[in-house]
Amino acid sequence: MMGAVSEADKAFVVKSNMASLFDDMAAAVLKDKPENIPAYLVDWLGKLSEYIKRGEDSQSYNTKHDVDGILQRLREEVLKKQPEQPLPYMASKLGNMMAEEGDGQDGEAEAPPDALSIYNKPRWPRVLNEKALTIVVFGASGDLAWKKTFPALFSLWCEGLLPRHACIVGYARSAMPHDKFIARISAKFKATEQQRSDFLDKCTYVSGQYDEDASFQRLTAAMEGLEGAKPEANRCFYFALPPSVFKTVAQGIHKYCQSSTGWSRMIVEKPFGRDLASAQALATDMGALFREEQIYRIDHYLGKEMVQNVISMRFANKVFSSVWNNENIANVQITFKEPFGTDGRGGYFDQFGIIRDIIQNHLLQVMTLTAMEKPKTLDADAIRDEKVHVLRSIRALDPAHTVLGQYVKTATGEGEAYLDDPTVPKGSTTATFATVVLFVDNDRWSGVPWILKAGKATNERKAEIRIQFKSEILPFKEEAVRDELVLRLQPSEAIYLKLMTKKPGLTPIGKLVQTELDLMYHSRYDNLFLPDAYEGLIYDCLCGNQGNFVRTDELIEAWKIFTPLLKTIEDTKAPPIPYEFGTRGPAESDTLIQKFGYEYGASYTWNPKAKAAAQARHRKLEREARPVEVGGHQIATSVLHIMRDQNELSPTEPDTGRHLFLLSFGCDSGGYYRVGHGMELNPKRISNSVPLPDTQWPALGAPPAPPPTMRIEDAT
């Protein structure tokens with residue numbers, strides 16, 4: 001017989017939840033009806049103990065890995081962005097969070113991350129794992145290699161786009177100790193010390209001649225030694241070399257260095273010859289040694305994000321199909337400008353000039369993408385076929401449609417003159433600025449001038465495609481200026497459409513102002529990574545994608561267009577027009593452009609910095625908005641619209657920081673009503689949740705009951 005239950009026993013029963021435990025035991029026995037109840041209960045209690053232990057382990061795991069925190073962060077991100085497709089968005093966010101936290105494996109101690117975010121996350125094509133990969137950089141001691149090629153390879157490594165078993169060999173004629181080679185190629189690297197160390201461990205230097213069999217045999221032996229762990233190998237050869245040695249290096253590779261168990265690909269840097277005859281000879285020499293699918297002629301403009309976006313924007317958006325023709329487009333201008341001169345490299349530049357260096361390759365390639373017809377597929381050859389069709393349709397270039405210039409010091413002696421560069425031959429007539437006008441004789445573009453303009457030592461750094469549409473005359477007449485679609489290639493990648501709207505405020509409907517619809521990449525896309533052009537093109541080569549490289553027939557057709565003009569220029573040796581350092585270029589260039597129908601809109605300038613700053617302020621206010629209390633009511637503020645004062649509509653004028661706010665307020669009694677339209681409020685006080693003095697608010701009293709049909713957009 002049980003004795004009296006003490007208060008301590010009662011407390012123990014409550015603390016240990018024994019009553020519930022006995023109830024569960026009884027329920028289990030009644031459910032299973034075991035023959036041996038004591039044995040059954042022993043087993044049942046054992047399983048319960050393991051269950052409780054697993055619960056403790058789960059709690060420990062949760063505490064250790066902050067599972068609740070991760071899920072809460074994910075929930076906040078989803079509710080903040082409200083994506084149309086939540087599951088893919090969450091998967092992307094989890095991937096970013098995983099990169100931030102590091103990839104731990106179950107049952108293993110987690111090592112601290114040894115590089116930045118995605119560094120340990122393999123993203124290269126899995127097919128590259130099947131064989132060894134060796135990348136040989138010829139001309140490894142030169143400027144191009146250490147300024148562009150090796151930094152591009154290093155960036156691919158850091159982004160997880162280069163297989164970890166890849167080996168990189170620098171080859172040049174200079175005798176150079178390994179430590180000096182490492183110091184030179186890594187001078188421009190920006191990353192963690194661990195990343196630098198891991199990448200440089202994969203780099204080797206081989207010194208040798210470009211026309212000596214024994215040197216290429218040593219190179220092959222070095223590659224085979226690095227590839228020993230894998231019996232099969234792929235090899236990529238990067239020609240960071242002058243064209244004068246292309247043929248001899250190609251012959252050495254063909255004879256000794258090609259892989260017998262995988263692919264061998266050549267990345268060849270421009271210039272691809274200096275005229276039609278030399279380009280044909282070079283193409284013949286390379287074609288005798290390698291197949292077309294092995295040759296990747298690199299034009300780094302084809303690796304730029306916005307250039308690659310031309311095809312996507314044109315052919316994925318129906319809105320452009322009906323206007324992309326001579327019925328609607330007045331002219332197309334493709335411009336390259338940089339605010340510095342030759343910087344001591346005038347001797348090299350003088351061999352080629354601005355037409356060969358920029359216009360005949362970079363700008364002409366951009367033109368073919370802008371003018372081409374829709375390809376049947378996105379296959380590399382389908383795209384390049386259409387580009388060749390454009391080149392073959394270009395009318396013979398008229399020298400009268402050309403302006404050539406050469407920069408000099410300003411009237412006050414500032415800046416520098418091209419001829420002051422000690423590496424430039426005295427009295428050189430090489431152009432540092434050129435404007436040429438081309439015509440495409442086909443149904444789509446007949447009569448539309450294509451203006452290609454490039455210059456050094458100008459007033460700004462800019463590369464862009466500017467498509468100017470024809471004028472809309474009635475009913476606005478001179479009030480309406482031409483619309484323009486602009487694709488800014490560099491800097492600050494963007495697409496913007498300049499168009500006419502009614503001038504805001506109490507103005508007649510006939511008073512117009514020019515504004516823009518724009519997509520600035522770094523404002524629109526969070527955490528945007530845009531690879532350097534060289535990074536993207538090297539990666540394309542490793543993946544076997546030739547769509548962004550120049551095919552032989554493209555090369556030949558391009559030289560057919562410009563060789564006659566270049567011969568005329570060189571035969572006449574006419575001095576180029578001088579233009580002052582840091583200016584737009586020769587005034588004659590503007591005159592030529594206007595002659596062919598381009599209309600300047602001098603009253604409007606696109607200002608991406610001011611635009612980005614305004615958008616950043618807007619996002620900050622939306623992000624930091626907090627409830628405030630007014631008249632005893634909790635008011636949730638929401639910034640619906642921010643606009644500048646009407647006297648500040650032009651982005652060329654300074655930003656005073658004064659803004660007009662249209663605010664809507666949700667009140668704790670429900671509904672929305674308007675407060676403070678047109679009032680100049682202090683956004684910092686709102687965002688910091690500081691209650692505002694009653695004098696700054698309308699006398700609300702009890703919150704009015706809004707009409708049932710009232711919507712936020714009604715509050716104007």
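This is a predicted model, so every value here is computed, not measured. What's counted below: heavy atoms across the whole structure, side chains too, no hydrogens, waters or symmetry copies.
- We find that Asp381 and Arg551 are joined by a salt bridge, their nearest charged nitrogen and carboxylate oxygen being less than 4.0 Å apart.
- No side-chain donor-acceptor contact under 3.5 Å links Asp571 and Thr568.
- Proximity of Leu156 to Ile538: side-chain heavy atoms (C-beta onward) are separated by under 4.5 Å at one or more points.
- Distance CH2/Trp445 to OG/Ser393: 12.5 Å, rounded to 0.5 Å.
- Side-chain N or O atoms of Lys270 include one that pairs as donor or acceptor with a backbone N or O of Asp357 at under 3.5 Å.
- Using cut-offs of 30° and 60° on the angle between ring planes, the pair Phe189 and Phe154 is parallel.
- Residues Arg444 and Trp324 have side chains in contact (heavy-atom distance under 4.5 Å, counting atoms from C-beta outward).
- Under the 6.0 Å distance and 45° angle rule, Lys456 counts as a cation-pi partner of Phe349.
- Under the 3.5 Å distance criterion, the side-chain polar atoms of Trp559 are matched with a main-chain donor or acceptor of Phe272.
- Within the 4.5 Å cutoff, side-chain heavy atoms of Leu153 are placed close to those of Phe199.
- Under a 4.0 Å N-O distance rule, the pair Asp441/Arg392 does not qualify as a salt bridge.
- No side-chain heavy atom of Leu378 sits under 4.5 Å from any side-chain heavy atom of Phe315.
- Electrostatic pairing of Glu269 and Lys148 does not count as a salt bridge here, judged by no charged N lying under 4.0 Å from a carboxylate O.
- Counting non-hydrogen atoms of other residues, nucleotides and ligands closer than 6.0 Å to NZ of Lys462 gives a total above 12.
- A salt bridge links Arg356 with Glu570: the closest approach of a Lys/Arg side-chain nitrogen to an acidic carboxylate oxygen falls below 4.0 angstrom.
- Every residue two or more places apart in sequence or in another chain that forms a side-chain contact (heavy atoms from CB on, under 4.5 Å) with His401 is listed here: Asp398, Val437, Phe439, Phe596.
- Looking at Asn361 and Pro271, their side chains never come closer than 4.5 Å, going by heavy atoms from C-beta outward.
- Gln294 is listed as a side-chain neighbour of Gln258, based on a closest heavy-atom distance under 4.5 Å.
- To the nearest 0.5 angstrom, Ile298 atom CD1 is 8.5 Å from Cys541 atom SG.
- Under the 4.5 Å side-chain criterion, counting only non-hydrogen atoms from C-beta, Ile354 is not in contact with Thr432.
- Distance OH/Tyr205 to CE/Met176: 4.0 Å, rounded to 0.5 Å.
- Donor-acceptor pairing under 3.5 Å is recorded for the side chains of Thr430 and Asp350.
- Under the 6.0 Å cut-off for aromatic ring centres, Phe239 and Phe237 do not qualify, their centroids lying 6.0 Å or more apart.
- With hydrogens and angles left out, the side-chain atoms of Arg173 and Ser141 include no donor and acceptor closer than 3.5 Å.
- Judged by distance alone, the side chain of Arg584 and the main-chain N or O of Ser589 form no donor-acceptor pair under 3.5 Å.
- For Ser207 (side chain) and Ser174 (main-chain N/O), a donor-acceptor pair under 3.5 Å exists by modelled atom type.
- Here the OG1-CG distance, from Thr435 to Leu404, works out to 8.5 Å after rounding to the nearest 0.5 Å.
- Lys337 NZ: more than 12 foreign heavy atoms inside a 6.0 Å radius.
- The aromatic rings of His362 and His300 lie perpendicular to each other, with more than 60° between the two planes, well past the 30° mark.
- In terms of modelled atom types and a separation under 3.5 Å, the side chain of Glu580 and the main chain of Ala411 share a donor-acceptor contact.
- Checking side-chain atoms of Glu554 against main-chain N and O of Arg384 turns up no donor-acceptor pair under 3.5 Å.
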**Q.** CA sep, side-chain torsions, deciding dist, call: Lys304, Asp299, salt bridge (charged side-chain N to carboxylate O under 4.0 Å, His left out)
**A.** CA-CA 10 Å; Lys304 291 184 177 295; Asp299 183 326; over 6 Å; no
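- For Asp443, the CG atom is loosely surrounded, since the number of other residues' heavy atoms within 6.0 Å does not exceed 12.
- Here the side chain of Thr563 pairs no donor or acceptor atom with the backbone of Lys560 at under 3.5 angstrom.
- Using a distance-only test at 3.5 Å, with no hydrogens or angles considered, a donor-acceptor pair links the side chain of Gln546 to the main chain of Glu292.
- Between the side chain of Ser215 and the backbone N or O of Gln209, at least one donor-acceptor pair lies under 3.5 Å.
- Between the side chain of Asp285 and the backbone N or O of Lys247, no donor-acceptor pair lies under 3.5 Å.
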